Amino acid sequence: MAYPGLSLIMRIPPLHERPSFRFLLVGAFFGALISWGVFLFMYGTLQERQTITIIKQKREIEQLQDQLSIWQNEHESEKPDEEKPQTKELVIQNLDVKIINSDNFKLGYYSTFFIEEAVKKELNNLISQPVEEVYESKELIKRVIENRQYEIDKKIYRIEVREILFHRTLSVQLKVTDVKSSL
């Protein structure tokens, strides 16, 4: 014989009919969606930083290998002559390129980095050249940089040289003057 009071104890209440339980389920669903969106945003941001760090490191390794080969070739080509007096000339050893108005055109870190690297690549042959020779050709350097258009992410950037400083480090400050969309 079954006890009539036992069915009340074993019965599961119908929670799906209560509005508070529905609010709980809807809140959990939207909370999961929002947290997934935040996770994707944070993961994407971190991956972009990592990608740029890796690209920078690869570029730095390539640049150092290029500089090493330039210095080795320069050293091999300079055989010391006993008749020739030993004079130390100041030579370009490093390149420093900066864009000063990247915020005005809303250039991302990625675009700024690639424009700077493209300019460095163009000027790479100036490493190990005497500062006097490089200074004499400063107008040519300026025209080479300004006449080139830099295309990144379907946009074409024009650059203006603001300042060039000549020492062991050739420092170039650039200003973005025009942005066009390429189709």
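Side chains included, hydrogens not; waters and symmetry mates left out as well; all remaining heavy atoms used. What you see is a predicted model, and the numbers here were worked out from it, not measured in a lab. Residue numbers count from 1 along this sequence.
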Review point. Leu170 and Ile164: which non-hydrogen atoms are nearest, and at how many Å?
Key: CD1-CG2, 3.7 Å
Review point. With a 4.5 Å heavy-atom cut-off, do Val172 and Glu163 have their side chains touching?
Key: no
Exercise for review: For the pair Val144 and Glu122, evaluate side chain to side chain contact (heavy atoms under 4.5 Å, CB included) and give the outcome as yes or no after the intermediate values.
Suggested key: CA-CA 8 Å; Val144 164; Glu122 286 181 19; 3.5 Å; yes
Study note, to complete from the structure: When rounded to the nearest 0.5 Å, the distance separating CD1 of Ile92 from CD of Glu133 is 10.5 Å
**Study point:** Aromatic plane relationship, Tyr43 with Phe39 - under 30° parallel, 30 to 60° tilted, over 60° perpendicular
**Key:** parallel
Study note, to complete from the structure: Value for CD (Gln65) from CD (Gln67), rounded to nearest 0.5 Å, stands at 11.0 Å
Review point. For Asp66 and Ser69, which heavy atoms make the closest approach, and how far apart are they?
Key: O-OG, 2.8 Å
Review point. Which value, rounded to the nearest 0.5 Å, describes the distance between Gln173 atom CD and Ser171 atom OG?
Key: 7.5 Å
Review point. Is it true that a side-chain atom of Asn94 and a backbone atom of Thr169 form a donor plus acceptor pair closer than 3.5 Å?
Key: no
Exercise for review: Rounded to the nearest 0.5 Å, what's the gap from CZ on Phe114 to OH on Tyr109? Could you check?
Suggested key: 11.0 Å
Exercise for review: May I ask you to decide if Leu107's main-chain N or O and Ser111's side chain share a donor-acceptor pair within less than 3.5 Å?
Suggested key: no
Practice item. Treating Ile, Leu, Val, Met, Phe, Trp and Tyr as nodes and any side-chain heavy-atom pair under 4.5 angstrom as an edge, say whether Ile100 and Val97 lie in one connected cluster. Key: no
Practice item. Determine whether more than 12 heavy atoms belonging to other residues, nucleotides or ligands lie under 6.0 Å from atom CZ of Arg148. Key: yes
**Study point:** Residues which pass ring-ring contact (aromatic ring centres under 6.0 Å, His included) with Phe105, listed by chain and number, not counting sequence neighbours
**Key:** none
Review point. Tell me, do Ile115 and Ile152 make a side-chain contact under 4.5 Å, heavy atoms counted?
Key: yes
Review point. Do Glu117 and Lys120 meet the salt-bridge criterion of a basic N to acidic O distance under 4.0 Å?
Key: yes
Review point. Do the non-hydrogen side-chain atoms of Phe113 and Ile55 ever get within less than 4.5 Å of each other?
Key: yes
**Study point:** Donor-acceptor pair, side chain of Glu160 and main chain of Leu174, under 3.5 angstrom
**Key:** no
Review point. Do the side chains of Val134 and Phe166 get nearer than 4.5 Å, heavy atoms only?
Key: yes
Review point. Which pair of non-hydrogen atoms, one from Glu132 and one from Leu90, has the smallest distance, and what is that distance?
Key: OE1-O, 4.4 Å
Exercise for review: Evaluate the side-chain proximity of Ile145 to Leu123: yes if any heavy-atom separation is below 4.5 Å, no if none is.
Suggested key: yes
Check your understanding: Can Glu116 and Lys98 be counted as an ion pair, charged N to O under 4.0 angstrom?
Key -> no
Practice item. Drop me the distance from Tyr150's OH to Ile156's CD1, to the nearest 0.5 angstrom. Key: 13.0 Å
Check your understanding: Is it the case that more than 12 heavy atoms not belonging to Gln47 sit under 6.0 Å from its CD atom?
Key -> yes
Point to revise | Side chains of Gln93 and Ile127 in contact at under 4.5 Å (non-hydrogen atoms) | key: no
Point to revise | Non-hydrogen atoms of Ser102 and Thr112 that approach each other most closely | key: CB-OG1, 3.6 Å
Practice item. Give, for atom CZ of Arg162 and atom CD1 of Ile99, the distance between the pair rounded to the nearest 0.5 Å. Key: 13.5 Å
